[in-house]
Every structure is written in structure tokens, then in C-alpha cells.
S.K.: 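Attaching a single structure in C-alpha cells format; questions to follow.
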Amino acid sequence: MSHGTVSPRVGDAATELLAGAQEAFPAGELERKLGQGRPLRIKLGFDPTRPDLHLGHAVVLRGLRRFQEAGHHIVLIIGDFTAQLGDPTGKDKARPPLSSEDVEANAQSYLDQFGVVVDLERVEVRRNSEWLGKLDLSATLKLAAKATVAQMLARENFARRYERGDAIGLHEFLYPLLQGYDSVAIRADVELGGLDQRFNLLVGRDLLAAYGQEPQVCITYPILEGTDGKEKMSKSLDNYVGLTMEPGEMYGRTMSIPDALLPAWYRLTTGWSAPETASRLENLASGQLHPRDAKMALARRIVELYHGQPTALRAEEGFVKQFQRKAIPDDVPTVAIAERRVNICQALVTAGQVKSTSVARQKIAEGAVKILSGDQTVRVTDPRAEIEIPAEGVVIRLGKSIVRIVPG
RNA sequence: GGGGGGGUUCCCGAGCGGUCAAAGGGACCUGACUGUAAAUCAGGCGGCUCAGCCUUCGAAGGUUCGAAUCCUUCCCCCCCCA
């Protein structure tokens, strides 16, 4: 490691590349690699376990795009092999493995979504089954010998599970090694990942050294909290805003975040420059900017990033109309029902607003079900009520969700 | 291999022969209040042809008028010893 030889230009380049990152280590290493004057091989891996990419993924993807724009070589790894194993990261319990059909379908869906943030034309896409599938037992043992149980237990979530007496599958210890082996297979110079990936990234770094290659630089990105303001954003908790979500839902979900999340979301999801973000947040802090308006600006911005400005404005109008003025929105989801006359509970179930007629009855008892026609709103009070379905359909509202039922 | 402790409704976690669709908490849904925020209060949270009925307490059998609770076998998890 040569200290003090980094030119100012290389240093500036590194700073720019690291915008939005949480940390990069070892310190100075990225600058050193940049100083070699060649395009670096930048690795980013995803396990296609769940088919929706969300704003949390976008934080890292935006970092990746910076490297791409600077002319570095991007290697996107679809963890089709590791997905069947299940990353223990962030889980306090073992994950059920996925079938290979699921993995395949998800992988394709992921690829489509990567394109929303990075330029897929200039990305090398690899599947890790390509090399992991070929590892025989002796190679696997050799790989396993590179790490110790103590190293694995040093990791907080393994340690916690161990202490609590929960099961830890042996294969789970292998996961970080396999992810690390990906780095070896593609000769990574740099690996990006969420902060929660730090351990796995480090294992990759160690493995590169163990296999006689130059160790990778590890760059982590902050974890984005989900719309509930409590847990990290994830599909399984349904506290996420998906990158390919329909604009109205994207806008609405963003509006539902707690105010306390505004600063973090401004910094991590908007792509606004640091100064611009800071000045907006100052206005918010000083009370010049109403939290609601700050949130609307955020929601508008997010929809704009993924659907374009005109769509964002329409999403906002729709939101204001529906929720702030409580009018029937323009694009109500429509469900067709064969009968011309149905029981209200049955209709709610068929329309997917409730999962059973029992629940429908309860919601009616709670006064949550309303039928809207024109500017008339009628609250349904009798679970045995029958509703007529006219040719133009009928709009039913249950709490926040609205559905138009048409004859079919 | 031996000994011990466990598997309860989405999660945690009570129950240990009837009054149990099963305490309590969390999550979630709805109503009120709002800015579809937070906080708060209220209700709900297995299903149905819903004042009643039906199916649940790891699985399968059995005992009993009656079982989540007792017995048998099986499956799975954890701990200790080897």
C-alpha cells in the first residue's frame, strides 16, 4: 500500500464515486486502485429471492451507476445459486430455500428492474450458478477451510441466534463464503452492498487474498428504513416502495411514511445534491416548510424518478383528489362480477378488499364500507344487503381502498 | 448413544380434562381525530348460509360424556453429557 502517492485528481474522483456511500474500506484503497488508471471491476450481487426491487435497493444501485458513468466495468451478479441457499443476513432464523423455478422467474424480473436505474447495455450480467454449480466437494472443502467458526460467530446475527439457542444450519456458514467466492470468480476490484452486507463483503475481501488475488475494496451504503419507520425496507414486511410500482401507489406509500423519516429519505431516495437536500431540510426544521408539503415534494420526486415528471404530477393530483378532497379518483381499480345483483359481503370478497365474508361483516359493522355514486356516499349497515350492479359499475370504498365493480 | 426441555391461532407467548376459537403483547385492519404522518381513544383480528354452526393448538391413533390439556407411536427443534 503506497501512502501519499494519490494524486489530487484521483482523490477527487474517489470522493465523487463515494457520494451517498456509508463507508469504504480499507481507507485509501479505492484511491490506490483508481490510481492504476484502468477501469475497475465493480461487483454488485443480488439474490433473486423476491421479485421486487425497491427504494432500498436503489440506494446501492445509484452508487453503482456512479461507477458506471465514470467508465468502470460493472458486473451484476444474479445469485441464482445462492438464492437457493438463502442469505442469513438480517434474519434471525433460517430461511426456507426456494425452488429453482421461482429463482429463475425472479431473476428475470430483477434484471428488468435493474434497468430502471443502471444502463443494462453496459453491464456484464453473470449468474453465480455458473461457477458455484461446478464446485465439487473437494473445492468446497478447500473454500470452507478459509474461514473459522470463530469468524462466523463473530457476526452479530449468528452470535445472537447461537446464544438464543436457535438453529443455525451448517450451510448458512457457507453462504458468506459462496458470496465471497463470487468475487474470486469475477476478479472483483470493488464490491458494493448495503451496510448489512459488510460481513459478507469482508469475507469476499479475505477470500480474494486467500486465492492470490488483489483484495477488493468494500463499499457499503446506508440502509433505508421502510414506510413503517421501524424496520429496514423489505418486501416481506410490506413496508416498501417498489421501483416498478404503479405511480399512484408509489406516491401514496411515500405519503404514509412517518415525518421522522423525512431527512433520511430526502438524503437516500431523491438523488438531489447534498446542498439542495440540506436547504430543503433546513426549511423543514425551521418550520418554513410544512411537513406535509415536504412529504408531497418527496413523493412527487420519487414518482418522477421512476415514471417521469408528467406522471408524477398526475399522481399527486390523484392523491389530492382522493385523499385530501375525498373524491372518487380517476383510475379506480376495476373488478368484474358476473351477477347483476350480489350480496355486499360477497362483492367485497370478490373484489379482493377483504379476504373472507366474515371480515366483510365486521367491517360493515364498524361502518367502514361505503358505496359511492356520483357525489352521493351511502354507508352500508346491513351485511345482508344486496347491491345492484349497473352497466357503468358501482364504486365501493372500504377504508382507504376503493374498487369499482362492473358487470362481467 | 444417554439425559433433560420444547413444538399453541401472522410473530412472541399464556393455557395443562369442561366456563377455550384459546389470556397478554406485537404486527395488521377499521372507526374517531388528522396532514392517508405521529401520538391518542374505540372496535376487530379462523371460517360460514353468523344471536347459530363448522374446522383449529407438530402428525396419526387412543382414553373420556367431554382433550390444546391424559396415554401411545411418529416427525421436528434446543440444551447438557459422550
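First the proteins, then the strands, lettered A, B, ... as listed; each starts at 1.
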S.K.: With rounding to the closest Å, how many angstrom separate the C1' atoms on B:rC70 and B:rC57?
M.R.: 16 Å
S.K.: When you measure from the side-chain N and O atoms of A:Q362 to the phosphate of B:rC29, is any distance below 4.0 Å, counting only OP1 and OP2?
M.R.: no
S.K.: With C1' as the reference atom in both, quote the distance from B:rA32 to B:rU49 in angstrom, rounded to an integer.
M.R.: 33 Å
S.K.: Looking at CG of A:L348 and OG of A:S356, how far apart are the two atoms once the value is rounded to the nearest 0.5 Å?
M.R.: 10.5 Å
S.K.: Would you mind pulling out the nucleotide paired to B:rU40, Watson-Crick or G-U wobble, both distances under 3.5 Å?
M.R.: B:rA32
S.K.: Assign each of A:F323 and A:S401 to its nearest nucleotide of RNA chain B by heavy atoms, then name whichever residue's nucleotide is nearer the 5' end.
M.R.: A:S401
S.K.: Tell me what A:G252 touches on the nucleic acid: a base, only sugar-phosphate, or nothing, going by heavy atoms under 4.0 Å.
M.R.: base
S.K.: Is any side-chain N or O of A:E366 under 3.5 Å from a base N or O of B:rG43, one able to act as donor and the other as acceptor?
M.R.: yes
S.K.: May I have the distance from A:L289 (atom CG) to B:rG35 (atom P), rounded to whole angstrom?
M.R.: 16 Å
S.K.: Measure the distance from NZ on A:K355 to C1' on B:rC28 and round it to the nearest whole Å.
M.R.: 10 Å
S.K.: Regarding A:K146 and the six-membered ring of A:Y211, is the cationic atom NZ or CZ under 6.0 Å from the ring centre and inside 45° of its axis?
M.R.: yes
S.K.: Please report the distance, rounded to the nearest Å, between CD1 in A:I364 and P in B:rG44.
M.R.: 17 Å
S.K.: What distance, rounded to whole Å, do you find between the two P atoms, one in B:rC54 and one in B:rC71?
M.R.: 28 Å
S.K.: Is it the case that A:E386 and A:N343 place a side-chain donor and acceptor less than 3.5 Å from each other?
M.R.: no
S.K.: If B:rU63 has a Watson-Crick or G-U wobble mate with both distances under 3.5 Å, name it; if not, just say none.
M.R.: none
S.K.: For B:rA27, take OP1 and OP2 only and decide whether either is under 4.0 Å from a side-chain N or O of A:K230.
M.R.: yes
S.K.: Determine the Euclidean distance between corresponding C1' atoms of B:rG18 and B:rC45; express it in Å to zero decimal places.
M.R.: 26 Å
S.K.: If only atom types and distance count, is the side chain of A:S273 paired as donor or acceptor with the main-chain N or O of A:E276 below 3.5 Å?
M.R.: yes
S.K.: Could you tell me whether A:T357 contacts a base, only the sugar-phosphate backbone, or nothing, with contacts defined as non-hydrogen atoms closer than 4.0 Å?
M.R.: base
S.K.: In whole Å, I'd like the distance from the CD atom of A:E231 to the C1' atom of B:rC28.
M.R.: 14 Å
S.K.: Mind checking the P distance from B:rG24 to B:rG46? Whole angstroms is fine.
M.R.: 13 Å
S.K.: Without decimals, in angstroms, what is the distance between A:L284 CG and B:rA37 P?
M.R.: 17 Å
S.K.: Can a side chain N or O of A:S358 be found less than 4.0 Å away from OP1 or OP2 on B:rC50?
M.R.: no
S.K.: What nucleotide, of B:rU30, B:rG47, B:rG35, holds the atom closest to the side chain of A:R292?
M.R.: B:rG35
S.K.: I'd like to know if the side chain of A:R66 and the backbone of A:A19 have a donor-acceptor N/O pair within less than 3.5 Å.
M.R.: yes
S.K.: Take atom C1' in B:rA68 and the same atom in B:rG17, then report the distance between them in whole Å.
M.R.: 10 Å
S.K.: Report yes or no: do A:S358 and A:Q362 form a side-chain donor-acceptor pair below 3.5 Å?
M.R.: no
S.K.: Quickly work out the A:R361 CZ to B:rA51 C1' distance and round it to whole Å.
M.R.: 11 Å
S.K.: Under 4.0 Å, counting only non-hydrogen atoms across every strand here, what does A:L398 touch: a base, just sugar-phosphate, or nothing?
M.R.: sugar-phosphate
S.K.: Whole-Å distance between B:rG31 C1' and A:K363 NZ?
M.R.: 9 Å
S.K.: Counting the atoms with a prime plus P, OP1 and OP2 as sugar-phosphate, which does A:L262 contact under 4.0 Å by heavy atoms, base, sugar-phosphate, or nothing?
M.R.: nothing
S.K.: Select from A:I257 and A:S356 the residue whose nearest nucleotide in RNA chain B is closer to the 5' end of that strand.
M.R.: A:I257
S.K.: Is there a donor and acceptor pair, one atom on the side chain of A:D259 and one on the base of B:rG35, closer than 3.5 Å?
M.R.: yes
S.K.: May I ask you to check whether A:K295 and A:T254 show a side-chain donor-acceptor distance below 3.5 Å?
M.R.: no
S.K.: Have a look at A:P291 and say if it touches a base, only the backbone sugar-phosphate, or nothing, with a 4.0 Å heavy-atom cut-off.
M.R.: base
S.K.: Given the P atoms of B:rG3 and B:rU8, what is the spacing between them in whole Å?
M.R.: 25 Å
S.K.: Which value, in whole Å, describes the distance between the P atoms of nucleotides B:rA67 and B:rA60?
M.R.: 15 Å
S.K.: Take the protein atom CZ of A:R397 and the nucleotide atom P of B:rG31, then report the distance between them rounded to whole Å.
M.R.: 9 Å
